[in-house]
Number of protein chains: 2
Amino acid sequence: MDSSVPELRSARQQQIVDVAWRLLETEGRDALTMRRLADELGIKAPSLYKHFPNKQVVEAALIDRGFLLWGNAAREAIAHSGDPLANLARAYRTVATEHPHLYRLMTDGALDRALLTPGVEAWSGAPLGEPFRDPEAARAFWGFLHGMAILAIDGRFPPDAELDRSWDRGLAAFSAITANT
Amino acid sequence: MDSSVPELRSARQQQIVDVAWRLLETEGRDALTMRRLADELGIKAPSLYKHFPNKQVVEAALIDRGFLLWGNAAREAIAHSGDPLANLARAYRTVATEHPHLYRLMTDGALDRALLTPGVEAWSGAPLGEPFRDPEAARAFWGFLHGMAILAIDGRFPPDAELDRSWDRGLAAFSAITANT
DNA sequence: GTCTATAGTGGGATAGAC
DNA sequence: GTCTATCCCACTATAGAC
């Protein structure tokens, strides 16, 4: 074992989550069924229940990975040169745009935190607090990021909307309430 | 007929949508099935299909009403005295908070606009443009409003989050890019 | 750890009689 | 416009043999 990260799952579990990830990313949430997942693995659906108690736990594993993905991207964003606010926004938009199905899985509806790696949700969101004086401002910024991302994914803006400019307008607004101003 | 608004649906269709509305508001989306809807009306599920071609059209009728509700609330908000931005935000938050199931139905996933009253979506959103110089800023503001509303409905903010203050922080940010500044 | 077989649930929708 | 009867679909999950 050369990794310092403990193996929380068996190799087989890892493999199943890998395939589930690919299925979600390429074909969306509707394609992520236990039958389809088993098909992709070359086994029958009931066999999956020897490795996971139910579907929700498989989805939670995907959401967990999603938080890792976003948390790492956010940390890279504030480590970069340039405006941290703009870097964070670009990173958020990129993650959401490049993984729309994962992003919807992560943000749609209630979240059973008992199924996630403890603390991963807060860890992933922590970098958003960096540019601001208080967590309230950071949460307002998160609201803006999420709203823009999900409305874009769901096709709610008019077809001719210039979204780059809207992101810039929002950034200009929140720049006015950062710790540096 | 003493109303100047044309009757787009039969009385029976109106009644069905009324019951669907109540069912959605009181018990949520999972309760809104064709079987359950029929039960509430005292008829059998197949009979519904004499009035509506499918479930999606029933849901579209609810979404239509939702846009009317929000559009009217938004118009009242900007007609009031005080800061239009704050009034709009308060109205938005109130509608979303008081009708969480309807709000999710309206905003979750893609929207088939062919099933809606033509123009109602744009009409309902138009007041958001009032305080701003350009539509891009208005859309950024909408992103903030929607993000805050849906994250709150879905329980995504920490339990101890002071959301009133976050709404205020966002308002302060967007105040900096209104037409009056 | 995998299989076959099956249970159980719930939903949308249609055909045809009355 | 309503009914009965039915179909079809999809899914999660379990039991027990190998």
Side-chain angles (χ1 to χ4, degrees), chain A residues 7-64 101-102 104-105 108-112 114-116, chain B residues 7-64 101-102 104-105 108-112 114-116:
Chain A
E7 287 284 322
L8 293 175
R9 303 185 185 282
S10 72
R12 188 61 164 148
Q13 283 173 322
Q14 293 277 12
Q15 184 197 11
I16 291 170
V17 176
D18 287 344
V19 172
W21 176 280
R22 179 170 53 76
L23 200 49
L24 175 67
E25 292 276 70
T26 57
E27 301 188 40
R29 274 180 92 170
D30 289 348
L32 187 60
T33 70
M34 296 300 263
R35 292 176 190 206
R36 184 67 199 286
L37 179 54
D39 280 351
E40 296 290 320
L41 286 156
I43 63 177
K44 302 299 177 185
S47 304
L48 287 173
Y49 290 86
K50 299 290 183 180
H51 304 281
F52 291 92
N54 54 54
K55 186 187 179 186
Q56 203 188 359
V57 174
V58 178
E59 288 182 336
L62 295 176
I63 293 170
D64 232 81
H101 300 300
L102 173 67
R104 297 210 62 214
L105 179 67
D108 189 32
L111 180 64
D112 188 347
L115 300 177
L116 301 181
Chain B
E7 286 285 321
L8 293 174
R9 303 186 186 281
S10 71
R12 188 60 164 151
Q13 283 173 322
Q14 294 277 14
Q15 184 197 10
I16 291 170
V17 175
D18 286 344
V19 173
W21 176 279
R22 179 170 52 74
L23 199 49
L24 174 68
E25 292 276 69
T26 58
E27 300 189 41
R29 273 180 91 169
D30 288 350
L32 186 60
T33 70
M34 295 300 267
R35 292 170 200 249
R36 184 67 198 285
L37 179 54
D39 280 352
E40 297 289 321
L41 285 155
I43 61 177
K44 302 299 177 184
S47 304
L48 288 173
Y49 291 86
K50 299 289 183 180
H51 304 282
F52 290 93
N54 54 52
K55 186 188 181 187
Q56 204 188 358
V57 173
V58 178
E59 289 182 336
L62 296 175
I63 293 171
D64 232 81
H101 300 299
L102 173 67
R104 296 208 63 215
L105 179 67
D108 189 32
L111 180 64
D112 188 347
L115 300 177
L116 301 181

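Note that the structure is predicted; figures quoted are calculated from it, not measured. These numbers come from the heavy atoms of this one structure, side chains and all, not from hydrogens, waters or symmetry mates. Naming convention: chains lettered A, B, ... in sequence-line order (proteins, then strands); numbering from 1 in each chain.
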Could you tell me the boundaries of the chain B footprint on DNA chain D, defined by atoms under 4.0 Å from its heavy atoms?
D:dG1 to D:dA5

So what does A:Arg12 hit on the nucleic acid, given a heavy-atom distance under 4.0 Å: a base, only sugar-phosphate, or nothing?
sugar-phosphate

The test is side-chain contact (heavy atoms from CB on, under 4.5 Å); show your working for A:Arg36 and A:Glu27 and say whether it passes.
CA-CA 11 Å; A:Arg36 184 67 199 286; A:Glu27 301 188 40; 2.8 Å; yes

Using side-chain contact (heavy atoms from CB on, under 4.5 Å), reason through A:Asp108 and B:Arg104 one step at a time and then give a plain yes or no.
CA-CA 10 Å; A:Asp108 189 32; B:Arg104 296 208 63 215; 2.6 Å; yes

Is a donor on one side and an acceptor on the other found under 3.5 Å between the side chain of A:Gln13 and the backbone of A:His51?
yes

Any donor-acceptor pair under 3.5 Å linking the side chain of B:Asp18 with the backbone of B:Trp21?
no

How far does CZ of B:Arg29 sit from CG of B:Leu105, to the nearest 0.5 angstrom?
5.0 Å

Give the rounded distance in Å between these two atoms: CZ of B:Arg36 and P of C:dT9.
18 Å

How many angstroms lie between OG1 in B:Thr33 and CG in B:Leu48, if you round to the nearest 0.5 Å?
9.5 Å

To the nearest 0.5 Å, what is the distance between OH (A:Tyr49) and NZ (A:Lys44)?
15.5 Å

In sequence, state the C-alpha distance, the side-chain angles, and the governing distance for B:Glu59 and B:Asp112, and then conclude on side-chain contact (heavy atoms from CB on, under 4.5 Å).
CA-CA 11 Å; B:Glu59 289 182 336; B:Asp112 188 347; over 6 Å; no

Which residues within residues 41-59 of chain A lie with some heavy atom under 4.0 Å of an atom in DNA chain C?
A:Gly42, A:Ile43, A:Lys44, A:Pro46, A:Ser47, A:Lys50, A:His51

Does the base of C:dG10 carry an N or O that pairs as donor and acceptor with the side chain of B:Arg35 under 3.5 Å?
no

